[in-house]
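Given the structure is predicted, the values throughout are model-derived calculations rather than measurements.
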Amino acid sequence: MISERVRRAMVPARQLIAELNEAWNLAWRRSLQLRVVISTLALSAAVVLVLGLVLQTQIAQRLLQAKEADARVRTETGAVLLERDLAGVDPDREGAQGELNNALDRLTNASSAENQPATAGEFRAVLTTSVGDAGAQVSAGPVEDVPPMLREAVAAGTLSNQYTTTRTEQSVEVPTLIVGQPVRTAVGELEFYLLFPLTAEQRTLGTVQSTLIVGGLVLLLLLAGIAGIVTRQVVRPVRQAAEIAERFADGHLDERMPVQGEDEVARLGESYNEMASSIQSQIRQLEEFGALQRRFTSDVSHELRTPLTTVRMAADVLYASREELLPALRRSSELLVAELDRFEALLADLLEISRLDAGVAELGAERVDMHVVVTRAVEAVRGIADETGTPLELQLPVGVPAEVDPRRVERIVRNLVANAIDHSEGKPVRVVLRADERAVAVLVRDHGVGLRPGEAGLVFNRFWRAEESRARRSGGSGLGLSIAIEDARLHGGWLQAWGEIGKGAAFRLTLPRTVGDVVESSPLPLGPEEPPAPTAEPASVPTPARTSTRSDAFLQEGS
C-alpha cells in the first residue's frame with residue numbers, strides 16, 4: 001500500500017522531468033546558439049579544471065619543498081645548539097630528564113640564531129634517547145607523535161623527515177612535517193626532532209583553491225557571454241534568413257534579407273535576394289502562363305460545344321437512319337456517334353479540370369448514406385462488367401452516413417470501378433465500404449495485371465498510361481483519376497493506390513465523415529495481405545501532393 005502511494009506521488013514528478021527533458025531536447029535541436037554556448041562551456045570547463053589542478057599541484061609542491069628545506073636548516077641549526085648545551089649530559093644519570101627539558105626550552109625560546117631562517121614557522125621540539133639503549137628511555141617533548149619509521153632512520157644516524165598527522169590538545173588532526181637528526185653527547189647520541197605543523201600551508205592552499213574556483217567560474221561565465229555574443233552575430237542573420245525564407249515559402253514573394261556591410265553574411269544576403277528575385281519572376285511567369293493556358297482550355301472547350309452540338313445533331317440523324325445506309329456507311333455512322341460520345345466526355349473533363357485548377361470548384365456537401373452513393377456508382381458501370389464477364393463482389397453495408405458531395409463521390413467510385421474492370425482481365429473486382437467514428441473509406445480491388453514499382457504515384461498524372469499499347473475497353477479520356485484525386489482533396493480526404501505485378505491493384509478513397517474534419521487514419525487497409533478491418537493503420541502511400549508540374553504537363557499536352 002505504501003509503495004503504491006509512493007508510486008502515485010512520483011507520477012507528477014516523472015511527468016515534469018519528462019516535459020523538461022523534452023523541452024531541453026527541443027531547444028538543443030533547434031538552437032545553434034545554445035549548442036555553441038554549451039559546447040564552449042564544456043570545453044572551457046575541462047581546460048580550466050586541468051589548469052586548476054596543475055596550478056594547485058605546482059603551488060603545493062613549491063610550498064612543501066620550501067617548507068622542507070627551511071625545516072631541515074632549522075633542525076641542523078638546533079642540533080648544533082643542543083650538541084653544545086648537552087656536551088656533558090649523561091642520559092643515564094639522575095636529573096637527565098630536567099636537563100633535556102631545559103635544553104629544549106632554551107632552544108624553543110631563543111628569539112634568533114645564527115643562519116636560522118624565519119620562514120620555517122612555529123614548531124615543537126622532541127629530544128629522546130634511542131629505543132635500543134640499554135638504560136631507561138629519557139625523553140622531552142611529544143615523542144609519541146614521532147612515527148617509528150622516522151625514529152629508525154634517525155637512529156641509523158641520518159637526517160630524515162616524514163609527513164604525518166598529529167593531534168592537538170583539542171583532538172584536532174593537523175598535517176605535520178617532522179624532521180629528525182641525531183645529537184652527539186659525551187656519552188652517546190640522542191634523537192632530536194622538530195615538528196612543524198602545516199596549518200599555514202594548508203590555509204594557503206585553501207586560499208589558492210578557492211581563488212582558482214572563483215576565478216574559474218568567473219572565467220566560464222565570461223567565456224559563455226563571449227561565446228553567446230559572438231555566436232549571436234552569426235546566428236541572428238541565419239535566423240533572420242530562415243524567417244524570411246519561411247515567409248517567402250508561404251507566398252510573400254516580396255520578402256528580402258537586409259544587407260549590411262561586405263562580409264560573408266552580407267554576401268549570403270545578396271545571394272539570397274538574387275535567388276528570391278529570380279524565383280519570384282519565374283513564379284509570376286508560370287502563374288501568367290498557367291492562367292493563359294487555363295483560360296485557353298476553358299475558352300476552347302466552350303467554343304467547341306457549338307460545332308459539337310451541330311455535329312451531334314447531324315450524327316444522330318445519320319445514326320437514326322443507319323438501317324437505310326450501305327454497310328460501310330452504317331459502320332461509319334456508328335463510329336461517328338461513339339467518338340462524339342468520347343469527345344463530349346473529354347470536353348466535360350477538360351472543363352472540370354479547368355475549374356479545379358482555377359480554384360472555383362465548389363463542394364456541394366450534404367448528409368447522405370454512402371451505401372446509396374457507392375451502389376449508384378457501381379450500377380452505372382455494371383454494363384461494362386457484364387460485357388467483359390467481370391464479376392463484381394460488393395461489401396456495402398447499409399446505414400453509413402457522411403457529409404459529402406454525392407455527385408463527386410459517385411464520379412470517383414465510378415471511375416475507380418471502371419478502371420478496375422478495364423484492367424482485371426475478367427477476374428473478380430471487389431468493392432468494400434467501411435467507416436469508423438471519423439472517416440469513411442471505399443476500397444476498389446482488382447486481381448489483374450497490377451502496377452510496377454513506382455507507378456502507384458504516377459497513376460494520378462493526367463493522360464498517364466500504365467501500358468501505352470493496351471486497348472482500353474471503357475474508352476476513358478485519361479483524366480478520370482486526375483479529377484478523382486482533386487475531388488478527394490476538395491473533401492479533405494485521401495485517394496491512394498497500391499499494386500504489384502501479377503497481384504492486381506487497389507485504390508482506396510478515404511473521406512472525413514464530417515466536413516472540415518482531418519483524416520488521420522483509414523478504416524480499410526490498402527494492401528492485400530491483411531483483411532479489411534475498421535481499425536487499420538494509415539497507409540504508407542499518401543495522397544500525392546498537388547504540384548504545378550502536373551498541371552504544366554497537362555497544359556502542354558492539351559496545347
Between CD1 on residue Ile485 and CD1 on residue Ile412, distance to nearest 0.5 Å = 9.5 Å

Of all residues at least two apart in sequence or in a different chain, which pass the side-chain hydrogen bond (donor to acceptor under 3.5 Å, both in side chains) check with Asp446?
-> none

Let me see the working for Ile421 and Leu392 under side chain to side chain contact (heavy atoms under 4.5 Å, CB included), right down to the final yes or no.
-> CA-CA 9 Å; Ile421 294 172; Leu392 296 178; 4.1 Å; yes

If every non-hydrogen atom of Leu481 is compared with every non-hydrogen atom of Val459, which pair is closest and at what distance?
-> CD1-O, 3.2 Å

If only atom types and distance count, is the side chain of Thr390 paired as donor or acceptor with the main-chain N or O of Pro428 below 3.5 Å?
-> no

Would you check if the side chain of Asp369 reaches a backbone N or O of Val400 as a donor-acceptor pair within less than 3.5 Å?
-> yes

Could you go through the side chain to side chain contact (heavy atoms under 4.5 Å, CB included) check for Leu416 and Leu495 one step at a time?
-> CA-CA 10 Å; Leu416 295 179; Leu495 181 57; 4.1 Å; yes

Indicate yes or no for a side-chain donor-acceptor contact from Asp422 to the backbone of Ala418 under 3.5 Å, with no hydrogens or angles considered.
-> no

Asp254: what forms a salt bridge (charged side-chain N to carboxylate O under 4.0 Å, His left out) with it, not counting sequence neighbours?
-> Arg284

To the nearest 0.5 Å, tell me how far Asn21 CG sits from Leu26 CG.
-> 11.5 Å

Mind checking what makes salt bridge (charged side-chain N to carboxylate O under 4.0 Å, His left out) contact with Glu274, not counting sequence neighbours?
-> none

Taking C-beta and beyond as the side chain, do Leu34 and Trp24 meet within less than 4.5 Å on heavy atoms?
-> yes

Any sub-3.5 Å donor-acceptor pair from His423's side-chain atoms to Val449's backbone N or O?
-> no

Any idea which heavy atoms bring Trp498 and Lys503 closest together, and the distance?
-> CH2-CB, 4.3 Å

Would you please name every residue forming a salt bridge (charged side-chain N to carboxylate O under 4.0 Å, His left out) with Arg247, sequence neighbours left out?
-> Glu255

Considering non-hydrogen atoms only, spot the tightest contact between Pro258 and Ile244 and give its length.
-> CD-CD1, 4.1 Å

Salt bridge (Lys or Arg N to Asp or Glu O under 4.0 Å): pairs with one or both residues in residues 384-395, sequence neighbours excluded | none

Under the side chain to side chain contact (heavy atoms under 4.5 Å, CB included) criterion, do Leu253 and Phe248 qualify, and how do the steps go?
-> CA-CA 5 Å; Leu253 303 181; Phe248 187 88; 3.9 Å; yes

Take Gln395 and Arg430 through the side chain to side chain contact (heavy atoms under 4.5 Å, CB included) test and state the conclusion after the steps.
-> CA-CA 8 Å; Gln395 300 178 20; Arg430 188 172 79 250; 3.5 Å; yes

Residues Leu511 and Val409: closest non-hydrogen pair is CD1-CG2, 3.7 Å

Short question: side chain of Arg508, backbone of Leu524 - any donor-acceptor pair under 3.5 Å?
-> yes

Pairing residues for Pro453 by the side-chain contact (heavy atoms from CB on, under 4.5 Å) criterion, not counting sequence neighbours = none

Are Glu410 and Arg407 within salt-bridge range, i.e. N to O under 4.0 Å?
-> no

Residues His371 and Pro397: closest non-hydrogen pair is CB-O, 3.3 Å

Please list, chain by chain and in numerical order, all residues satisfying side-chain hydrogen bond (donor to acceptor under 3.5 Å, both in side chains) with Arg35, sequence neighbours excluded.
-> none

If you measure from CE on Met257 to CD on Glu243, what distance do you get to the nearest 0.5 Å?
-> 10.5 Å

Who pairs with Val218 by side-chain contact (heavy atoms from CB on, under 4.5 Å), at least two apart in sequence or on another chain?
-> Val214, Leu222

Side-chain heavy-atom pair Arg452, Ile501 within 4.5 angstrom cut-off | yes

Does Gly228 offer a backbone N or O that forms a donor-acceptor pair with the side chain of Thr231 under 3.5 Å?
-> no

Ser277: side-chain contact (heavy atoms from CB on, under 4.5 Å) partners, not counting sequence neighbours | Arg256

Please round to the nearest 0.5 Å and tell me the distance separating atom CG of Leu51 and atom OG of Ser44.
-> 10.5 Å

Tell me, please, which residues at least two apart from Arg513 pass salt bridge (charged side-chain N to carboxylate O under 4.0 Å, His left out).
-> none

Is there side-chain contact between Pro523 and Thr510, with heavy atoms separated by less than 4.5 Å?
-> yes

Closest non-hydrogen atom pair, Pro406 against Glu366 | CD-CG, 3.7 Å

Test item: Asn273 side-chain N/O and Gly269 main-chain N/O as donor-acceptor pair under 3.5 Å = yes

Not counting sequence neighbours, which residues clear side-chain hydrogen bond (donor to acceptor under 3.5 Å, both in side chains) with Glu403? List them please.
-> none

What residues, two or more places apart in sequence or in another chain, satisfy side-chain contact (heavy atoms from CB on, under 4.5 Å) together with Ala266?
-> Val259, Asp263

Nearest-0.5 Å distance, NZ of residue Lys427 to CZ of residue Arg445 = 10.0 Å

Between the CZ atom in Arg434 and the OG atom in Ser522, the distance rounded to the nearest 0.5 Å is 11.5 Å

